[in-house]
Structures are given as structure tokens and as C-alpha cells.
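Data block below; observations after.
Chain letters run A, B, ... following the sequence lines, proteins first and then strands; every chain starts at 1.
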Amino acid sequence: MIEKLAIVWPEIILFATTCVVMLTGQWPVCAVRRMTPWLAAVGLIAAIGAAMASPPSDGLYPDLVPYAKSLVGIMGLMILPLLAGTVDRELEAGVARGERFEPLRSNGAEFYAFFLFSLTGLMLVASSDTLIWLFLALELTSLPTYMMVTLSSRSTRAHEAGVKYFFLGALGAAIFLYGFTLLYGATGSVNIPTIAAHFAEHGLGPIGLAGVLISLIGLFFKIAAVPMHFYTPDVYQGAASPVSAMLAFVPKMAGFMAIFMIVGSAGWGPDGTGLPVPVEALLWVVAAMTMTVGNVLALLQSSVKRMMAYSSIAHSGYMLVGVIAGPGGDGASFWRNGLAAVLFYLLCYGVMNLGVFAVLASLERKGQEADDIDDIRGLVRTHPPLGWSMVICCLALLGFPPLLGFIGKVGLITSGITSGHLALVIILAINSAIAALYYLRLVAAVYLEPASDTGFRPSRYGSRQVAALVSAGGVLVLLLMSNRLITAADDASRYAPVAPETAPYAEAGANN
Amino acid sequence: MVLTSVFSLFLLALVAPLVTRVAGRYAGWVLATVPAGWAVWYAGFIARVGEGEVITPASLVWVDSLGVALSTRVDGLSLMFALLVTGVGALVVAYAGGYLAGHHHLGRFYGYLIAFMASMLGLVVSDNLIAIFIFWELTSVTSFLLIGFGHDRAAARTAALQAMIVTGLGGLALLAGLLLMGVAAGTYEFSEMLEGGITLGDHPLYIGILVLVCLGAFTKSAQFPFHFWLPGAMEAPAPVSAYLHSSTMVKAGVFLLAKFSPVLGGTEEWAWTLQIVGGVTMVYAAFLAARAVYFKRILAFTTVSSLGAMVMLLGVGGPGEAAAMGFLLAHAMYKGTLFMVAGSVEHQTHTKNVEQLSGLMRIMPVTFAAAALGAASMAGVAPFFGFTAKYLMKGPIPEAAAGSFLVIGVMAMGIFMTTAALLVAYKPFVGKPNEAASAGSEAGPALLLGPVVLSVAGLIGGLMPGLFVQPLVASATAAVTGDAPEKALSSSIGMINMGTLLSTSTLAIVLGVVFYAVRDMLRRTTGLMDRLDPMLSGPVVFQRVLSGTLWFGRLQTRLLQNGSLNTYIRTTIIGFIALVLGLGANRLKNAFLWQDAERPSLLGMILVVLLIVSGVAATVFRYRLAAVAALGMAGVASALIFVFYGAPDVAMTQFAIETLTVLIFVLVFYHLPQFTSFTGRMQKFSDWVVSLAFGAVMAGMVMLAVQTDMAPKISGYFSENAVPLAYGRNIINVILVDFRAADTFGEIVVLGIAGVGVAALLSVSGRSQNPTKPDGGVA
């Protein structure tokens, strides 16, 4: 137990920060309230530092912890400036006019606390090595986001989105919890490496197979894969852009790490192509459908947020290709290692996608954020920095070479090819082509179309624009660092199932 | 140094707007000096490369783990292209200064143009497959910017998007092809493939690679049926057409095929694909050129036709490569000339239609001279370079498998090319100046320099082939075939019968003149083509596919993504059932076989009945509180199962949670209005079916779990270890406070928090008198 503490230091730091933030967020003194995001940032930076020094975990992916938690911390830092002005706008305006501050009407404390809670949960997902930890961590990641969706906007649409998100999320959680119990039933252990060792020795068996399949289907909710994707467009559109930006990254990352663990317990076999047939078929079908449904429906949208929601679905489909390809055999290079490709792509996707939402969040008309594609026409001319950020991020999302999304996609494609899934790679390529249509529509609207006065002005929360510029800059800077990042992702994806005889066969019941 | 040339141009592109502001109307000349300097630098390699040397500077590693490096390699083929890119590029930059003089975005235009130049240069000198692809796509995006430069016009925007989509789709295919190629060859460095003597003709992935690479090359080089984007791209300003659409970008496809032919060529599939696609394009586009009336459209179609000829020659193989290279160089010169002439005429007279112009010869004499030289080369009149190129071409073709067809095709192309040459260089210039022509005047030096230099170079190339044509074409051919430069060229020249060549050329020219004379009739009788061509080519197919996809998407949205939470849950559950049954049916079918069917106890039966009744009741009750009570009953019944089957600690927790849940539900529902709208009968029925199916699947899982050998029972462990480990005799106590102390602590926390929540709800219910309005959206 004590040795585990060394791994969860980042979570402990974030949790402590959360407690502080909960207090400062509703402090009567305005200056203290203003400090809240800065405190959150300090906590995140400290958590990143702790994450980088983290020892390997006992899980199936011992070295996942430093990479995943640093990534979570960095993305948290990038999302943080975007959150400014999402809640308590009228309240703070009132206080500025000299009204009394009423803590009961304020949501700032909860909002930032939920944000940090969710990130804590996300980090815990990376740390978890038992199914129970995994379940709790996944729920800790998701539950605060349900609240954040509802808090983020006063419109009924946000409330409706929150309710939908919650109900479907509960359905998803129930499904993967059921899968987890079946896994326990099949192996008599909740320890994931032990489960993997059991499966390696005895094979999956009907109940183990059912456990893996059902867990995966439930986890598809987190990554917004078909058939668990329905909430995505409604929720992304209903929530305020800063929260949508977070939703596109946080649950997806959690879901993929959990999928790594579940698929990893079934195992890719010694040569890296031995994924059990039904599991591979499930991932294959879902990957193909997710890409296609996401991209085709994105074509129809005129709301940029809905478009990005569908594109988020499609990107999950791309990443599932890497999961199918698996880590490869021993000493496989990056272009065979699908898991490393996914980990790297998560980073790319997080940054690129954040840029688009940050641009939307930076434009306001009478307190309303930009959403329709008409709202951003000619943006390059009216607000050049925002416009160019949009262009760069869209081209990167589309996978335009040599931008970040391209490097990420190359990893996914090569892992797909080298693991022998040509048909899936072709589906991926066709889908990238479909995706080009709507991303280019965005680029064309921003860059080619003449400027018209839409009434949208840059938000008075300047930090939102900073977030947009940082994301666009990140797309370019990370490009130069991509070799180091890919190496890091490659190390992080080291898949180390314990040999059956040395597996920690803990006595039953004592391991939870 | 080679990489420096690429990056210096990118840098120049960045500062171009600034230079334009400083240097004003001389900006074009100033900016042109840089590419001109690089052209001279590259020209210095002609002798060395001509002797068969290959220049491979040190490479710049970028993403090592992906095998991506910015490595360069200058062989004959690359050198020829590098010279075209920088040389013609310098002329075009100067030309643009005259053509777009005074345009308020001129600086930006220079920037795009030079960025394109840098990308194209990077493409031709790169050795790494991924780097090639990166520069390939950069040419697409810069050309998108250039075609859409006049983006205040809708036509320019449409054309730019169309070109981008077509070349972008091709680019994706190319990416897949290049990655497959890298996987098949084990390296992304092209020079390593050459040195290792790797040919992929026998590789199992070969067909895939060939198809994908060809798709990339054919879309970029506007081969049938992807040819439509090039005439559309004529919306671009003339300098763009002269540069991208004659000498550089559209040749990238040909370049790629030529470059890869040592690795991918030499197979039946390669030969047939290239010959058929190239041959069809060559004849078809030449015919369209002969019946077009707009200056730049005529030129665009002849370009497509020439590109087809080059692809076809590469497919013929053997000495065909030499012909392709010679033709490529010749074409770059005369087509560059003619596009610039077209631009000058348009710029000076504001007329695009050749039929509406006459007598320009007197008004624009220098332009006319350049046009005449270029057109003569295009028609293949001796002794122009175009003739030399044709001379190279006629040799190898009869040797090919489909030789006789190809000879007829080349003949047809020659005829229509002559007609097109007359249309652009004769029709507008001869006769009496008409009104449109008289409005114009001779172009300035910036507009004249390009056409004059290129057309004179074409003449010199024909008259003195040894000067630069022979070493360039020979070393380029050597790079394609892998032979020594001398041998590569001589084998092709030796095969030609001069008499036949002269007679067929003359015949082609004569027939071309005849067609020119009857061109009005030609256009009228083939009027069907105006409607047929769009149907044969991309836009219509593309539109169909797109609208089909959109239709599917709308249908999907209406049926499934309709915003109703009910639909979402229903669909999700159906999807779950389908996936689990579809994938697991084979292994799960045992679940429903009753093996050692145990007689259920009476108590068990009662609990089951209770569970079922309460479940059904929860769905049929019309009052929330009643439904909640039914749910609570179900919870209690399941907790009783734990009580009777040996897990009292779990049961205790379950009871506590159930009670709290019901309490919270009741408190929340107190604020909600009554149910008002009820689901219809049909809806209810289908929901029943879905729920029963879901329940059946879950029940199947449970049965499966029951049959499987489960893990050892935990209870034994507890009873054995309660005393030795925990010093306690009350096993349940020991479990709660010792073995599962952490669980118990968690439960206490959860219950505490829930209690706080209940307290909060109770305090709110005292204050709020106005319950929130029902939200119709959430059903």
C-alpha cells in the first residue's frame, strides 16, 4: 500500500489543490477568488513534476504513468485559461458594481474543483492496476464532467445536455461494470496483470470473453465510439465551448487507457497479432463504423461544435486502429507499435482540438459563444491571430502534412499496415478524405470567404484567446519535438504482462 | 546546400510581402533574383550529373522513430526538375510583377508563389518517401491558395476547392501507397531502395502500392478521368497557370512515376496501366483542346494531353523513358511561353476568347514572335525542340505491345496539337486588328521577358541539342532507367527512321491545319461533348457520391440522432445486444443449455417472482412515487438474495443504499411536475421487446458465469484466517472491520455524503415554492 503512494503523488497533489480551490473559489474577497485558476495551475505544474519523477507501476503498462500523467497535466494547463469566464459571469459583474458577494450563488469553487477532480480521476486511471481502482477512477473522471456540462451555461440546452450525458454515462458505466464483474468471475482476481496471466495460461473461455467484450462496449462510451456515441453532438453543442474542449480530451484519454488495460489483459499474443478473434472483430467493426459515422455526419453540420463532436467520434475510430495493431512483438519499432501511436495521437488530438474550441470560445456576441460556421466567416481578415489559429488547427486535424495530425496519423497507419490490417487502413484513408471535406469547409470559411460583420467580438476574457494561440503554437512547436515525444510514447506503451508462474496470485479477496 | 535552397525559398516567401512594400513596383525583379541565383547554382551541376554522378548531401534527421528524415538526392531527373522549378520560377516571379502590377495583395501573391516554388523544389530533391509526401501536399495547399487567390470571385473559390479536393484525395492514396512501399522495402529512403536493387514487382503488396501511387500521380497530373480540375484551375492568374499548370506542379505526377519506375516499373501491370490511362488522356484531351475557344482552356487541355503522352511513354518503358524526359523538358518551355503569352494578351486586351481577337500581330509584335516560336514547338515543327521531342517519341512506341494503337494515338494528338497551336498563336494575331485587339498595346518588359527567354531556349534546344538538352535529358533518363547517361539516350535515337518521322509529322501538321480551317464545324458537330465530358469526369461522379453520402447521413440523423434520450438509450442497447450476440454467439450458445439443473428453492422462487413483479410494476405505474417504490422493492429483493446466500455484509450495504436512493428520489421528484405525456402503444411494445432482449442477454451471461468454474470461494478463506490473522471469532465483524476495513470506510463515507445530500434537499424543499418548469426536451 505504501509503495503505491509513490505512484499516486500527482493525484495527491491535485486532490490537495482541489481542496484549496474549493475554499478560495468562494472566498468573500475578490482578489482571492481571482487567484483560484492560478492556484489550480500551480497544482497542475506540481503534479506534472511529480508525474515525471514517478516510478513504474505494477500494471500491465508499467511505464505508462509518467507519460500519461504529464500529458494530463499539460492538457489541463492548456484548458485552464479557456475556462475563464465560464461560470459566475453575472455574479462577478454584480460584485464589480458593488453588490454583496453571495457564496451560495457562486459556482466558481465547484467548477474549478470539478475540473481538477476530473483530472485527478484521469491520472488515477493511468495508475490503476486493479479493476476496482479502474472503475472508481473512470467514474471520478466522468462524474464531475456531468456537472460541468450543466454548470457551464445558463441555457436549457446545457441542462438537457447534462441530463443526457449523465443517463447515457450511467448506462455505459453499468455496462462496463458488468463486464468487470464477469472478468472477475472468469479469473477470480481483480488484479489486471493477474487476469492477463490467467488468460495467457488458460485462454479466455466463454465467460472471460463475455467479460472483455462487454467491458469494451461499456468503455466505448468514454471514447464516444459507435454504438455509444449518441450523446456526443448534443453534449458538445449544449455545453459551453471550454467544457466541450475538455470533454473531447479527458474522457477519451481515460477510455483509451482503460481499453488498453482490458484488451491488454486478453493479450495480443507473443508475435503481436494474436488478439482473440471476437475481440479483434469487435474492435475492427467498431473502428470502421465509428470513423465512418463520425465523418459522414460531420459533413452535414453547420454548427462547428457539432461538427467537432462528430469529428471527435471519428478520431476515436482512427485510434482504435492502433489498439487493434497492439504493441507489436518484443523490440518492435514505433511504426509497428499501435499503442504508442495511440498515446502520441491522443496528445496531438488534444492540442489540435483544443485550438478549434478555444477559437470558438474566444468569440462572443452578447455573451453568446460562436458556434455556427457563419459566425467565423472571414475570421482571418477580421481577427487574424484567431483566424490563423483556426486554420492551423483545422489543417492539423485533417492530417495535413507536415502538421502534427499528419505525424500522428502516419504512426496509426503504419501500425495498421505492419500488423496486417490493410482493409482497415484503407477505410481510414477514405475517411481521412471525407474528413478533408468538412475541415476544408472550415478553412475555406475562415480564410477564403470575405469578411462580414457577424457581430462577434473577441471575448473580454483574454486568456481564452491565449489558449487559442497556445494551442496553435503548440501544434507547430510539438511538431519540432515530435521525435522526442514519439520516443516517450513508445516507452510509455511498454506492455509487460507477467509470466503466468510469477503472477501475483494474491489470495482471494485480499487484493481489493 | 540543397536543403538550404529549399529553406531559403521558404524564408523568401515569408518576407515577400515586406519586400513588396519596400521595393514597390520593382519587387518582382528583386524577388526573382533569388530563384534565378539557385537556378544558376543548379546549372553548375549539369556537367557533373551528366557524367552519371549523383549528389547526396548529408540529411537532416527529423522524426527518427518514424523513419522521417529530410534527406536529399540530386540525380539527373531531380536536376532537370530543379532547374525548371527555379529557372521558370524566376521568370514567372518577374512576370507576375507585370501581370498583377498594382494589385493590393501582390505581396501575399509573391509569398504563395515562392512558397509553392520551395515546396516543389523540396519535392524533386527529396529522397525520403515521407518527405516527398510532405512536399507533395505542400504543393497542393500552396496551389490551393494560388488558384483561390482571386477569392472574392465564387468561381475561383470553387475551382480552388475542387483542385484541392481532387489532389488531396490523390495525396491520401499516395500516402497510403508510400507507406506500403516503405513497409514492403523496409526503408523510407529511396536511395537505399536503389542501392539495394529492390524491385517490388513480386511483392505481395505490389498491386496495392501500384494502384495507390498511380492514383496519387494521376490526380496530380490530371489524367483521365481526373482531368477536370485542371481546366477549372484556369481561374488562377496567368503566372500561376504558366508556372504550376505547365512546367511544375502538374508534372509532379509524371516526376513521381519516373522516379519510382526503377522500383515499381518493369511489370505487365505497370505497362498496361500507364499506357492505357496515358494514351486515353493524350487523345481525349487533345481533341478537347482543338474545340475549345478560351485561350487558357485550350492550353490547359493541351497540357493534359501532353501529360498523358508522358505517362504513356513511361508505361512503354525501354527507350520510352528518354522520350518522356525529352518531351517533358520541351513541353515545360513551350507551354510556359504560351501560358505567359495568353496572360499578356488577356492582360492587355481584357479578352479571353481567341475567336474574338484578330490582328494582334501589329499591336503586340514581340509577344507574337514568342507565341509563334512556342506554338511551332508545340506543333512539332522542325527544327524546334518540340520536333526533337517528337523525334524521340516516334522511336520506341511501335515496339510496345499495343504499339499500333499508340502510334495512331500519337498521330491524333499531333493533329489536334497543331490545330490548338494555330488557335493560340495564329488566330488572334493575324488579319486586321479588330475592336478588342485595338484596345490593347504591347506588353511591358516584365511580361515579355519570360515568354521570350523560354521560347528562344526552345529554339536553341532544337538547334543545338548538345548545349543543355542532351546532358539533361540523358542524365534524367539515366536516373529513370538506371543505365549510364550516354547509353540511355543513344538506344532511343538509334531506332528512328528519319523518313517515316518527317512524313508522319508533315501529315499531322497538314491535317491539323485542315481541322483548324473547319473548326467551327468541328465544334458544332461535336457539341455533345460539352455535356458528355462533365459526365465522364469527376465533378458529376463526385457530386453523386457526395450527395449519396449526405443522404445517408441525413437519414441516420433523422432516425437515430434525433435528440431524444429515449432513442439514444434504445439504440445503444440494441447496438450492445447486436455486438455481444454477433461476436460471442458462437461461444455463448452453451449458456442456455440447462446442465445440472438444480431444483430452485421455494425462497429463491419467491424472491425471483418479487423481483419480476416489482420490475414490471416500475414500468407500468403512472405515478412517480409508486414507480420509485416499486424500484425500491426490487432493490430490497436483491438485497435479500445476498442475505439468504451468504453475504450478509453486502446485504447490509445494499439495504442502506436502497433506502437512501428511494429517499433521494422521493425528495427530488417532489419538485417535479406530474407525468403528463405518455408513450404510445407501439412505442411501448418495442421498448418491451428491447428490454426483454437485453434482459435475456444479461441472463445468458449469468447462466454462463454459473456454469464456469469460478474462483475458489472466499468464505473459506475468511473462516480459516479470522482467528490466526485478525484474532476475532465473529467472522462478519472481522470481515467488516479488518479484512475489508477499507471497503467499510468507503461505505461510511458514501453514506455520510448521501446523508448530507438528503439534508440539503430537505432544506431546499422547505424554501422553494415554485418547482422548475418541465423541460420538454428531455423525455
**Message:** For Phe552(B), I'd like to know if atom CZ has over 12 heavy atoms of other residues, nucleotides or ligands within 6.0 Å.
**Reply:** no
**Request:** Kindly say whether Asn128(B) contributes a backbone atom to a donor-acceptor pair with the side chain of Ser126(B) at under 3.5 angstrom?
**Result:** no
**Request:** Under 4.5 Å, counting heavy-atom pairs only, tell me which of Ile130(B), Thr557(B), Leu138(B) racks up the most with chain A.
**Result:** Leu138(B)
**Request:** Heavy-atom distances under 4.5 Å only: say whether Ile574(B) touches chain A with side chain, backbone, both or neither.
**Result:** neither
**Item:** Which portion of Phe135(B) sits near chain A, non-hydrogen atoms under 4.5 angstrom
**Value:** neither
**Leading residue by heavy atom contact count with chain B [cutoff under 4.5 Å; candidates Thr418(A), Leu480(A), Ile214(A)]** = Ile214(A)
**Fill in**
One option among Leu282(A), Leu437(A), Leu171(A) has the most heavy-atom pairs under 4.5 Å with chain B, and it is Leu282(A)
**Item:** Candidate list Phe221(A), Phe230(A), Phe167(A), test ring-ring contact (aromatic ring centres under 6.0 Å, His included), partner Tyr568(B), passing option
**Value:** Phe230(A)
**Prompt:** Can Tyr165(A) and Asp234(A) be counted as having a side-chain donor-acceptor contact under 3.5 angstrom?
**Reply:** no
**Asked** So what's closer than 4.5 Å to chain A heavy atoms on Glu137(B): side chain, backbone, both or neither?
**Response** both
**Asked** If you tally heavy-atom pairs under 4.5 Å against chain A, which of Leu205(B), Leu169(B), Leu579(B) wins?
**Response** Leu579(B)
**Complete:** From the list Ile573(B), Ile569(B), Thr571(B), the residue making the most non-hydrogen contacts under 4.5 Å with chain A is Thr571(B)
**Request:** Establish, yes or no, whether a centroid distance under 6.0 Å links the rings of Tyr310(A) and Tyr438(A).
**Result:** no
**Prompt:** Which one, Leu297(A), Val286(A), Leu213(A), leads in non-hydrogen pairs under 4.5 Å with chain B?
**Reply:** Leu297(A)
**Message:** Surrounding CZ of Phe166(A) (heavy atoms of other residues, nucleotides or ligands, distance under 6.0 Å), is the total greater than 12?
**Reply:** no
**Message:** Between Leu212(B) and chain A, with a heavy-atom cut-off of 4.5 Å, which part of the residue counts as in contact: side chain, backbone, both or neither?
**Reply:** neither
**Request:** Examine whether an atom of Ala436(A) lies under 4.5 Å from a heavy atom of chain B, and if so say whether it belongs to the side chain, the backbone or both; otherwise answer neither.
**Result:** neither
**Prompt:** Mind checking whether Phe576(B) and Phe694(B) have parallel, tilted or perpendicular rings, split at 30° and 60°?
**Reply:** perpendicular
**Request:** For Arg570(B) and Leu565(B), indicate whether the former's side chain and the latter's backbone hold a donor-acceptor pair under 3.5 Å.
**Result:** no
